[in-house]
Each structure stands twice: as C-alpha cells, then as structure tokens.
Amino acid sequence: MVASHATLPADPTAATVDIAATASSAITNADAVALDRANVFHSWSAQGSLKPLVIAGGSGSAVWDHDGRTYLDFSSQLVNTNIGHQHPKLIAAIAQQASTLATLAPAHASHVRGTAAAKILSHAPSNMEKVFFTNGGADANENAIRMARLHTGRDKVISRYRSYHGNTGSAIVATGDWRRIPNEYARGHVHVFGPYLYRSEFWAETPEQETERALHHLRRTIQCEGPQSIAAILLETVPGTAGILVPTPGYLQGVRELCDEYGIVMILDEVMAGFGRTGDWFAFDAFDVTPDLITFAKGVNSGYVPVGGVVISGEIAATFDERVFPGGLTYSGHPLAAASVVASIEAFEEEGIVGNASRIGRDHLEPGLRALAEKHSVIGDVRGRGVFWALELVQDRSSKTPVTAEYMGRLKAELLRLGLLPFLADNRIHVVPPAVVTAEEIATALNIYDQALTAVAR
Ligand code: PLP
C-alpha cells in the first residue's frame, strides 16, 4: 500500500481535515495514529502513553489496517461484532433506511422500530411484552433499574462485585428539571460475590457447594439489607469482562426463587452474553430461568449503529400504563439502529448463526482450548460456552497466582505479531470471535495462541 501524507493536512490538529481524503487508500497507519493522538480522547485510559492499533476495514472475522496487515478479530471488538464485520444484509438495510428516513423522534410510531421490537420479543420468554430502546448497554441498565425502582417502590439494587454494567449513573442526578426528582436515590447499591469456583469466595470444592453457599450469602445479604428496601437483583447472566464466569448449576434458579420470595425484580444483563454469544439467543436460555427485565445491546446488531434496550415483562410494563415513565432518549429506537436490528436478527435466523456459535463452542473451541491447557501449564482454567471463552493464566497451578501485567503485555504483542487481535483482561485471554466464525478460523487461532504462549514462555 502506498504510504503518502499528501492527502492530509501537515498539522493534524488543523480544523479543515478533508473527510473524503480519509477514505483514500493513500492513508497510512501513521497518519491515522497522528490524527488520533492529536485529537481523540480515549475511554478508560491515561492519555499520554497511548499507542492505539489502527483498524481501517474488516470482513467477517478479519480486520485490516492501512499498511496491509490483516488480523483475525478474536476480540469481536468489545465483544460485540457477533455477526462479524460488514455483513452485507446489515449494510444494505442501514443504507436503505438512510435513504428513506435517517432519523425520527421517539414519540412517533414507525414500522421499522415496531418490527425491531417484535423481532427481539420473538426470541424472548413469553412473559416479555415490550421493548424500550436505548443508545447502548449502560443506559439499558440505567432504565431497567429505574423501572424496577418505580415498579417496586424500593430503591436498593444488589449486583455482583465481579460485573460490569456500564458507564453512566450521575447524569440524571445532575439534571435540574423535574426529570431528576423521580430518579434521586440517596442510597443504592449493594454488592455480593457470585459463583466462581476456580477462585471460590466460599471455600467450595464442588459446583454444588459453590451454588449453595453463594445463594446463602445472597439470602443473608437480602435479609441484612432489608428485603423491603431491595428493588432489583441485577446480574450479568454470564459475567463477561469480569472473566466469563459461567454460573454454577442451580445458581440462577436460586436467585429467581429469592426474587420471588422477597418481591424483588430480577434483571439479567445480556448486553455481552446475549444474541448468540453463548450459543443461545439469550444466555439464560441454557439455565432454565426467566427474568423480569432483560437488558441488551452489542450483539443485537453487532454495534453497526449504537443501540441497546430493555425487554420488559408484561407485569412491569403494566405499571406504566397509567403512570408516566420518567425516562427517555432523543435517539430511542433510532431508525438506522432499528433497521440494523431487524436485518441482524433475520440474518441470524436465516444463516443459523446461533447454532453455529453453539457448535463451534462444543466441537472446536472447547476441545481446542482444553488441548492447549494440557500443553501449557500457564493455563490454570478454561471456561465458557459458545463463542465466549476465557483462559485464565497463572504463574503456577497450585497457587493460582495470576501472571504479571508484563507477561500479558508480551503475550499481546506476540499475538498481534502473529496476526490475531486478542481480547485480554487482567490475567486472562478472552477467546471471543464473532458467532459466524468458521472451524478453519478457529484452527488458525488455536495455532496462534499455541505459538504465542510458547514464545512468551521462553
Ligand atoms: N453490560 C455489560 C455486561 C457489558 O459488557 C457492557 C459493556 O461492555 C455494558 C453493560 C455497557 O454497555 P455500553 O458500553 O454499550 O454502554
């Protein structure tokens, strides 16, 4: 690829960047990094030392940069491109919708928005009746919590220490007008430990013990906090960024029973785990449990247009039949997002993508990752489902001491050098390819993980 700066301003901070030129093949990685570092403020980072990897394009499970390097995307970006990059059906649906009506206020009725909600509901449990659309996962959880509080008249929310639910929470309290008032809660959040047998907080040695003791801990927390003050238990069905912690058998049913016993709303956060990631439409499908509210984002349309939402049970939706729901977003049910949701769910149905994720997990990823663990003693634990797996890396298997950040840095560099874009968190490799990944791509990736672990061990 030709390396030329001719199409870019000499000063990357200059106000008049030629946007058309940025699509040109003459752009280099260095150009993209220079513009980024001069102008972009990044999430979750000290800005000074950042050296972001450049991605210029993608297709399916692959991405590439401006300088001709291609990577197998086994991060699915932020575990969201479940349908892979540039799926033609989504691109066409977004383009078609853009040419018809590119934006629409949430108060209006629209066929595409109604269809997107109906499509989501067609894969949800039968107690679910409505969908409230948001811009992403965090505001989906914000609104699910709001619904639970207003529905129960209680304010506390129990969630887990090992979880991530999004990056909002103070904007509405900073708001000055009436919309703040029904949302002002002085008290709020209580945390518990959930099941994680590999590093059990409960001295458990079996999955059964872990379930029983985690549920006992939760019951005692509810009792000590006061059941009458608890609006919701909010759980990622399978905690994702926290380590792909597949719940031990019976845990989620036990939580459901506690919710029923104490009149607490059960919210399952399916933002990362939903829409094929675990090899099911919703991750909770595999655990025989029905929540009251489901939050979603990411995989619902693979992030082609930002969207998230809350799937609402009939009972909770009815709370707001006569009472105003004090929440809303300018882009709730945005038509480009809605069109991409419809196209994505249709493609999932037509192409058997959820089944592919399940099969890949069972027949290729699980055996392949377990074989890697036999070969590399640094792998202390292998866990997951579908296309949602974690390898936990330890200095030795008996102490389970995590490998160092320096080790993880070298591993990342080696994986990238070998052509795999990884998702690394703490001392773990999260093996999270798109749900459309092929057996051949899995074989290539397993070989790269093997080579990289071997190289880093030297
Ligand atoms: N919930 C879970 C389980 C997530 O993994 C994330 C993001 O990674 C969120 C919520 C927040 O979603 P968003 O970044 O779209 O706000």
Side-chain angles (χ1 to χ4, degrees), residues 41-45 73 75-82 120 131-148 157-172 189 191 194 196 232-247 252 255 266-278 280-284 287 291 293-311 327 329-334 336-337 340-341 344 384-390 422-426 428 430-432 434-435:
F41 193 93
H42 282 258
S43 315
W44 309 117
S45 304
D73 184 357
S75 68
S76 294
Q77 298 303 295
L78 279 179
V79 201
N80 63 273
T81 56
N82 294 11
I120 292 166
V131 176
F132 177 68
F133 287 107
T134 62
N135 300 330
D139 46 345
N141 285 319
E142 289 277 346
N143 281 286
I145 290 170
R146 173 183 285 135
M147 286 173 195
V157 175
I158 298 183
S159 53
R160 283 185 286 206
Y161 285 109
R162 291 194 179 90
S163 69
Y164 179 69
H165 297 291
N167 175 35
T168 56
S170 46
I172 195 65
H189 293 271
H191 292 83
Y196 178 19
I233 297 180
L234 166 63
L235 304 177
E236 289 178 75
T237 309
V238 178
T241 312
I244 312 190
L245 307 173
V246 180
L252 291 174
V255 175
M266 182 176 191
I267 309 172
L268 287 181
D269 178 340
E270 292 262 337
V271 169
M272 188 178 278
F275 291 94
R277 179 60 46 199
T278 61
D280 286 290
W281 279 95
F282 288 104
F284 61 74
F287 297 97
L293 297 170
I294 307 163
T295 56
F296 65 90
K298 297 191 190 260
V300 71
N301 70 342
S302 292
Y304 282 34
V305 178
V307 72
V310 188
V311 185
L329 301 149
T330 299
Y331 305 131
S332 173
H334 191 282
L336 299 186
S340 65
V341 166
S344 183
R385 301 175 60 79
V387 285
F388 203 32
W389 288 83
F423 189 109
L424 304 180
D426 301 328
R428 300 178 303 271
H430 290 197
V431 180
V432 285

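Remember, it's 1-based here, ligands and their atoms both numbered in the order they're listed. In this chain, numbering begins with 1 at the start of the sequence shown. Basis for what follows: all heavy atoms, side chains included, without hydrogens, waters or symmetry-related copies.
Every atom of ligand 1 is numbered from 1 in the order shown, and the set under 4.0 Å from a heavy atom of N141 is 1 (N), 10 (C). Close approach to V271 involves these atoms of ligand 1, each under 4.0 Å from a residue heavy atom: 1 (N), 2 (C), 4 (C), 6 (C), 9 (C), 10 (C), 12 (O). Near G136, meaning under 4.0 Å from one of its heavy atoms, ligand 1 places the atoms 15 (O).
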Full working for side-chain contact (heavy atoms from CB on, under 4.5 Å) between T295 and I267 | CA-CA 7 Å; T295 56; I267 309 172; 4.2 Å; yes
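Ranking the protein heavy atoms by distance from atom 2 (C) of ligand 1 puts Y164 O, 3.2 Å first. Given atom 1 (N) of ligand 1, the protein heavy atom at minimum distance is D269 OD2, 2.7 Å. Here the heavy atom of the protein found nearest to atom 5 (O) of ligand 1 is M272 CE, 3.5 Å.
Within the 4.0 Å heavy-atom shell around ligand 1 one does not find L78.
Of the protein's heavy atoms, none falls inside 4.0 Å of atom 14 (O) of ligand 1.
In this structure, a donor-acceptor pair under 3.5 Å is absent between the side chains of N82 and S302.
Close N/O approach between A138 and ligand 1 is found [any backbone or side-chain N/O within under 3.5 Å]. For ligand 1, one of its N or O atoms has an N or O atom of G137 under 3.5 Å away.
Looking at E236, E142, K298, H165 and measuring to atom 10 (C) of ligand 1, the nearest heavy atom belongs to H165.
A donor-acceptor pair under 3.5 Å is formed between the side chain of S332 and the backbone N or O of F133. Looking at N80, its side chain does come within 3.5 Å of a backbone N or O of L78 through a donor-acceptor pair. Proximity of a side-chain donor or acceptor of D73 to a complementary backbone N or O of S76 within less than 3.5 Å is detected. Looking only at distances, no side-chain donor or acceptor of R277 sits under 3.5 Å from a matching main-chain atom of R385.
Relative orientation of the Y331 and H334 rings is perpendicular, given thresholds of 30° and 60° on the angle between their planes.
Between the CG atom of L235 and the OG atom of S159 there is a distance of 8.0 Å, given to the nearest 0.5 Å.
Of all the heavy atoms of D139, none lies under 4.0 Å from any atom of ligand 1, so neither backbone nor side chain is involved.
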